[in-house]
Amino acid sequence: MRNQSGTTSIIMRFARPLSISAVVIGPVLLFLGWYFLSPRFTISQLSDWSTASQDLTALYDRAKVRSSFEQQMLPQVETYPPPWTKRVVLDAMTDPDAIRAFVVEPYGDWQFAAALGLPDELQTEDPTDVMPRLMETTENWEFERKGIDEFVASPSDRSDQQGNSYKFEREGLRWRLVSIKLTTKIR
């Protein structure tokens, strides 16, 4: 009998601290899991300039993003002479550095982001070719759930200006960018 009541008192002594720990640690773990498995984490990785370009490719589906850009092109893009062909423009726009620029600057013109993805031979080295400009960044994102496996993120800090929208789809436990809807047509 004495052994059984001794065990009971030990259990009772640890039951209260364990339940308090569960109440405190449980929500923290849920929040961390939600954040790291949410599109917010993917956006933060995509917009981090210290992330290597080759690491960005795991965060977006290049073929789907390319297709979304192609659907937003005006017919005149088909007629561009070399070296600025439709293929070159689409390749530049889906380059990891360009994708990062699209996410970092959701209010910016698509041409600035696409310029980062151009092949080296098409980029200019002359600093007089580039005008200084302010980056059109955002800190606030609005997320709209489209079912269990899809989110659309858009910048939400300007009421007078609409920014690009970014569609994410779940792939296992992580989210991947699959589409960027620009505010203007690609011309």
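As the structure is a prediction and not an experimental result, all values here were calculated from the model.
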Inset, instruction - Give, for atom CH2 of Trp110 and atom CE of Met93, the distance between the pair rounded to the nearest 0.5 Å. - result: 5.5 Å

Inset, instruction - Quick one: list whatever passes side chain to side chain donor-acceptor pair (under 3.5 Å) with Glu78, sequence neighbours left out. - result: Lys86

Legend entry - Leu116 and Arg100, any side-chain heavy atoms less than 4.5 Å apart: no

Please set out all donor-acceptor pairs under 3.5 angstrom arising from side-chain atoms of residues 176-187, sequence neighbours excluded.
residue: Arg176; atom: NE; partner: Ala58; partner atom: O; Å: 3.3
residue: Arg176; atom: NH1; partner: Glu171; partner atom: OE1; Å: 3.1
residue: Arg176; atom: NH2; partner: Thr57; partner atom: O; Å: 3.4
residue: Arg176; atom: NH2; partner: Tyr60; partner atom: O; Å: 2.5

Legend entry - All ring pair (Phe, Tyr, Trp, His ring centres under 6.0 Å) counterparts of Phe102, not counting sequence neighbours: Phe69

Legend entry - Spatial distance of atom CG (Leu46) from atom CG (Leu59) [nearest 0.5 Å]: 4.5 Å

Legend entry - Closest heavy-atom pair and its distance - Pro96, Ser53: CB-O, 3.3 Å

Inset, instruction - Decide yes or no for Trp141 and Ile43: does some side-chain heavy atom of the first lie under 4.5 Å from some side-chain heavy atom of the second? - result: yes

Inset, instruction - Identify the two heavy atoms, one from Ser156 and one from Tyr107, that lie closest to each other, and give their separation to 0.1 Å. - result: N-OH, 4.1 Å

Legend entry - Interatomic distance, Ser154 atom OG to Lys167 atom NZ [nearest 0.5 angstrom]: 13.5 Å

Legend entry - Heavy-atom closest contact (Val152 atom, Ser165 atom, distance): CG1-CB, 4.0 Å

Legend entry - Inter-residue atom distance Glu150.CD - Phe168.CZ, 0.5 Å rounding: 11.5 Å

Legend entry - Exercise: identify the closest heavy-atom pair between Ala98 and Ala92: CB-O, 3.1 Å

Inset, instruction - Can you sort out the partners of Thr79 under side chain to side chain donor-acceptor pair (under 3.5 Å), two or more places apart, ordered by chain and number? - result: none

Inset, instruction - Could you tell me which non-hydrogen atom of Arg170 sits nearest to which non-hydrogen atom of Ile148, and how far apart they are? - result: NH2-O, 3.5 Å

Legend entry - Neighbour count >12 (heavy atoms, 6.0 Å) for atom CD, Gln161: yes

Legend entry - Heavy-atom donor-acceptor pair, Ser44 side chain to Phe41 backbone, under 3.5 Å: yes

Inset, instruction - Name all residues meeting the side chain to side chain donor-acceptor pair (under 3.5 Å) criterion together with Glu142; count only those two or more places apart in sequence or in a different chain, and write none if there are none. - result: none

Legend entry - Asp91: partners by side chain to side chain donor-acceptor pair (under 3.5 Å), with sequence neighbours left out: Arg66, Arg87

Inset, instruction - Specify the closest pair of heavy atoms between Pro106 and Val103, including all atoms of both residues, with the distance to one decimal. - result: CD-O, 3.6 Å

Inset, instruction - Measure the spacing between OG of Ser50 and CD of Gln45 and express it to the nearest 0.5 Å. - result: 10.0 Å

Inset, instruction - Check for a donor-acceptor pair, side chain of Asp109 on one end and backbone N or O of Gln111 on the other, with a separation under 3.5 Å. - result: no

Inset, instruction - State, with a plain yes or no, whether a side-chain heavy atom of Thr42 is found less than 4.5 Å away from one of Arg174. - result: no

Legend entry - Ile99 side chain reached by Val65 side chain, heavy atoms, under 4.5 Å: yes

Legend entry - Euclidean distance, Phe151 CZ relative to Glu144 CD, rounded to 0.5 Å: 10.0 Å

